[in-house]
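Down below is the structure, laid out as structure tokens.
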Amino acid sequence: MPELPEVECVRRSLERLARGARIVGVDVQRADVIARASVDAPAGRARSRRGAGPQARIPHAELLVGYTVKSVLRRGKQLAIVGEDAHARRCVLMAHLGMTGHFIHAPRDKALPDSDHVHVVWRLARPSSAERWTHRLAFRDPRRFGGLTTFPSVAALEEHWSQIGPDALAVGPDDLASAASGSRRAIKAVLLDQRAVAGVGNIYADEALFDGGIDPRTPASALNDAALERLSASIRRVLADAVAAGGSTIRSYSDADGTRGTAQHAHRVYGRAGAPCIRCSGPLASARVGQRATVWCPTCQPRLTARGKIRPGRLST
DNA sequence: CTGGTCTCCTGATCGC
DNA sequence: TGCGATCAGGAGACCA
């Protein structure tokens with residue numbers, strides 16, 4: 001399940017594989033994974049029901065046919081492929097992977113895996129090749145919680161991205177403070193809210209809260225400056241470590257190269273309900289917090305004291 | 001406005 | 001061995 005580290009690894013693999021290539025053709029198997037592009041098309045793809053609503057008629061420019069891949073950007077969990085045409089006009093294809101979205105890459109002499117749920121296939125040509133395509137890129141998403149959105153310019157993409165919070169790899173205590181102050185939501189719910197911080201999902205929310213020694217159910221507004229400072233550092237550290245490990249492969253995640261991650265071996269609480277805490281050996285607790293399965297250590301992630309302060313965390317590494 | 005719940009979707013897993 | 005029930009979750013829609 002792609003969160004920031006996994007999406008960052010996909011971004012790097014896409015940039016490696018597709019940068020400089022021209023997109024010479026596209027095959028759309030399922031048009032409803034693509035949101036209709038428009039300048040004011042806001043957050044996410046339109047969720048028109050299958051078969052309903054104006055779908056389909058997708059101008060080629062929006063799928064980047066005829067464009068050369070200039071770069072691949074990321075903000076939080078969202079990816080954006082920036083294309084440029086012969087007149088230096090730019091166009092953007094944004095992808096969010098949802099639960100099961102991923103890209104598959106294959107050179108011409110190698111078939112794409114014969115699998116269901118491949119929704120879009122692009123044909124790419126390396127600069128040295130004329131019009132003949134040399135490799136293909138596919139977007140596959142069995143569960144279809146992900147999707148593709150196009151933007152007519154980089155400015156339009158940035159306008160869209162201005163609606164989500166700062167990228168979690170660079171989140172600071174002030175960012176958390178502005179989202180947390182006056183909020184009675186559980187701190188975990190705040191971390192999952194992409195408008196507050198972009199890129200944290202269920203796995204790394206639990207991991208960061210453990211790292212910071214904070215009970216996930218703590219009302220956000222109850223966190224003092226020290227706790228916010230510690231939590232923002234924990235978020236950055238946990239995510240950066242996971243990026244370095246190639247992301248977490250829980251079920252089937254891999255980057256566009258098919259490379260899997262190993263960060264799942266470093267999870268300290270996620271998926272370990274009832275197992276001994278790696279610090280204190282006590283059993284990890286679990287509950288639903290913010291509609292998500294949540295695991296934490298009741299000892300190392302203490303509840304608030306009577307004075308509304310968090311007891312000092314002892315997790316400094 | 002805020003915060004909680006529902007919903008979309010398929011594959012993996014579990015109990016019988 | 002088969003099969004229905006359950007769970008997983010990102011994020012928009014919806015509601016109190």
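Below, chains carry the letters A, B, ... as their sequence lines are ordered, and counting in each starts from 1. Predicted model only: the values in this text are computed from it and were never measured.
Atom CD1 in A:Ile203 sits about 10 Å away from atom C1' in C:dG9, given to the nearest Å. Between the P atom of B:dA12 and the CE atom of A:Met99 lies a distance of 12 Å, rounded to the nearest Å. Rounded to whole Å, atom C1' of C:dG10 lies 17 Å from atom CD of A:Gln163. Distance A:Lys188 NZ to B:dG4 P: 14 Å, rounded to the nearest Å. What separates CZ of A:Arg140 from P of B:dT10 is a distance of 12 Å, to the nearest Å. C:dA8 atom P lies 13 Å from atom CD of A:Gln291, rounded to whole Å. For A:Asp141 and B:dC9, the CG to P distance is 12 Å, given to the nearest whole Å. Look at CG on A:Asn202: it is 12 Å from P on C:dA11, rounded to the nearest Å.
No donor-acceptor contact under 3.5 Å links the side chain of A:Arg292 to the base of C:dA8. Judged by distance alone with a 3.5 Å cut-off, no donor-acceptor contact links the side chain of A:Arg144 to the base of C:dA11.
Within 4.0 Å of A:Arg288, counting heavy atoms only, lie sugar-phosphate atoms of the nucleic acid but no base atom. Contacts of A:Ala189 with the nucleic acid, taken as non-hydrogen atoms under 4.0 Å apart, are absent.
Of the options A:Val295, A:Thr218, A:Thr294, a side chain to side chain contact (heavy atoms under 4.5 Å, CB included) to A:Val289 is made by A:Thr294 and by none of the others.
Taking all atoms of both residues into account, the shortest heavy-atom contact from A:Leu97 to A:His102 is CD2-N, 4.2 Å.
Checked by atom type and distance alone, the side chain of A:Gln194 never pairs as donor or acceptor with a backbone atom of A:Gly76 at under 3.5 Å. In this structure, the side chain of A:His87 does not engage the main chain of A:Asp85 through any donor-acceptor pair within 3.5 Å.
Between A:Pro142 and A:Ser183, the residue anchored closer to the 5' end of DNA chain B is A:Ser183, taking for each the nucleotide with the nearest heavy atom. Annotation: of the two residues near DNA chain B, A:Arg184 and A:His117, the 5′-most nearest-nucleotide partner is A:Arg184.
Contact annotation: A:Thr100 side-chain N/O to B:dT10 OP1/OP2 distance is not under 4.0 Å. At the phosphate of C:dG10, neither OP1 nor OP2 sits under 4.0 Å from any side-chain N or O atom of A:Tyr204.
Atom CZ of A:Arg16 sits in a crowded spot, with more than 12 heavy atoms from other residues, nucleotides or ligands closer than 6.0 Å.
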